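One is the number of the first residue; the rest follow in order along the sequence. Predicted, not measured: the structure shown is a model, and the values here were computed from it.
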Amino acid sequence: MFKNLIGGEWVDGPRSTRNINPSDTRDVIGEYAQADAAQARDAVAAAAQAQRAWGQSTPQQRFDVLDAAGAEILARRAELGDLLAREEGKTLPEAVGEVVRAGNIFKFFAGEALRGDGELVPSVRPGVGVEVTREPVGVVGLITPWNFPIAIPAWKIAPALAFGNAVVLKPAELVPGSAWALADILQRAGLPGGVFNLVMGRGSEVGQVLLDDARVDAISFTGSVPTGQRIAAACVARMAKFQLEMGGKNPMVVLDDADLEVAVSAAVNSGFFSTGQRCTASSRLIVTEGIHDRFVEAMARRMATLKVDDARKPGTDIGPVVDERQLAQDLEYIALGQSEGARLVAGGEALERNADGAPGHYLRPALFADTTASMRINREEIFGPVVSVLRAKDYEEALALANDTPFGLAAGIATTSLKHATHFKRHAQAGMVMVNLPTAGVDYHVPFGGRKASSYGPREQGRHAAQFYTTVKTAYTQA
Ligand SMILES: NC(=O)c1ccc[n+]([C@@H]2O[C@H](COP(=O)([O-])OP(=O)(O)OC[C@H]3O[C@@H](n4cnc5c(N)ncnc54)[C@H](O)[C@@H]3O)[C@@H](O)[C@H]2O)c1
Ligand SMILES: O=S(=O)(O)c1ccc(CO)cc1
């Protein structure tokens, strides 16, 4: 049994849940404790108690813990990557890449702990000194989704600890394994008991405690829009600080002058890799007249070469969908696209078994053409390997279509025109813009986040993370 970590102790839960491999649903990865509301409150109490000393710890102490955690994650990349691929279903190379991202994030924020920030500002009044400093926020509750089981917890935990906060992490129910491994690594990296707490359990029970408990000073959330809206309402009601990273309906524009090979590779990567289960995935390909038919044909040819199979098998391009609920949602949207009049060019079939006959949640990546902007498949996040092509007359219409969405996380363009690339970087209504690159696949040391319904609050990642995990103090002294 894998237990919760509360106040530095491994604690059993009143219930437990089985972690199932979506590539082979007969494979049970382990039995994981599920905390209840009382245990979640114990974790908050432990964090509140431990934060006082951790908030006063030296930058060297914080560097040492984060650096040790990062080093262990990087050293164990193959084993942790295997666990991640087994519980979430992304392919082994993708999973190892995610583990490396997590290790690098800990190393980056170890450095940030040392690079303290502050200003001495001349006052407008004679004889007065002004200091502007940053202090920890206090106890932060971290609520994370299933699609990046180690990278998203890492990119919230590392800055939280680097800036002197205590943490209560509630990971997604579907992927407790990577979060547990991270907790074990942090516990052995020398973190004082209670500074980091892991409470696996239901969002409506354990997550709700984090939202309601006045000792939790801030909530950082990544997940769906409806849950994000609930979190915002709960935090505003008690004036807690919060940050939300949510969905996307990311466009990729392909212009007549694009290099076809570059455009197809970027579209296949961002639409279908990681089984399309990335908030940064491109699910709308907006293609101008002159290249449209060649592009759609080339996409179909490339998609025919993609191997859908067990996530941990060498050579697999696309692993399974994470669970049967998500698979049912993907299939519903494929049926909806057909009933809305879109043309299914390739894929879209569920496969109940992989090449070795193991039962899993497999889906052949689906490409729709002849779609319009008003179709629900072009307005709602599907969160699976389902991509639409929209035809545009020219660059101006393509840009307007790209921005015609409630979301604003990432946007891409494939073009050899410097003029259009430059214009798109300025006018795409998204937090992240890519030129001749997939919309998914971001660096770990620069800001991550979006606009409109995709994000709320300060950016995550890089030096910008300090805005959420610290609070500014301005002190005046009369000499
Ligand atoms: N923008 C980003 O950075 C980003 C990154 C990854 C995933 N996502 C989004 O995440 C979604 C998929 O993840 P998901 O299905 O795990 O999302 P989800 O909203 O269902 O769950 C996310 C987390 O919230 C918890 N939760 C659910 N109800 C809660 C409640 N009432 N109170 C507190 N916590 C609660 C869940 O247990 C889980 O830990 C997609 O919409 C995707 O776009 C966004
Ligand atoms: O775009 S990706 O680089 O694949 C990426 C990595 C991590 C996260 C976590 O939100 C999102 C996207």
| said: Main chain of V140, side chain of D217: is a donor-acceptor contact present, judged purely on distance under 3.5 Å? | reply: no

| task | Please check if any side-chain donor atom of T405 sits under 3.5 Å from a side-chain acceptor atom of K249, or the reverse. | result | no

| note | Exactly one of F242, F468, F221 clears ring pair (Phe, Tyr, Trp, His ring centres under 6.0 Å) with Y456, and that residue is F242

| field | Gap between atom NE2 of H361 and atom OG1 of T25 - 0.5 Å precision | value | 5.5 Å

| Quick one: do the S16 and E31 side chains pair a donor with an acceptor below 3.5 Å? | yes

| Do the rings of F109 and F163 sit parallel, tilted or perpendicular, given the 30° and 60° boundaries? | perpendicular

| task | Check whether the side chains of N147 and Q277 place a donor and an acceptor atom closer than 3.5 Å, and report yes or no. | result | no

| request: Would you tell me whether K156 and T222 have side-chain atoms, one donor and one acceptor, within less than 3.5 Å of each other? | output: yes

| Close side-chain approach of P365 and V308, heavy atoms under 4.5 Å | yes

| Is it true that E112 and R115 have a side-chain N and a carboxylate O under 4.0 angstrom from each other? | yes

| So, is the end of the K241 side chain (NZ or CZ) under 6.0 Å from the ring centre of Y469 and within 45° of the ring's axis? | no

| said: Please determine whether a side-chain nitrogen of the Lys or Arg among D323 and R325 lies less than 4.0 Å from a carboxylate oxygen of the Asp or Glu. | reply: no

| Can T439 and N250 be counted as having a side-chain donor-acceptor contact under 3.5 angstrom? | no

| query | Does E205 come within less than 4.0 Å of R15, counting only side-chain N to carboxylate O? | reply | yes

| said: Between D24 and A358 (side chain of the first, backbone of the second, donor and acceptor by atom type, cut-off under 3.5 Å), is there such a pair? | reply: no

| said: Pairing donors with acceptors under 3.5 angstrom, does anything connect the side chains of E245 and S455? | reply: yes

| field | F383/W146 under ring-ring contact (aromatic ring centres under 6.0 Å, His included): CA gap, chis, key distance, verdict | value | CA-CA 12 Å; F383 218 56; W146 49 262; 5.4 Å; yes

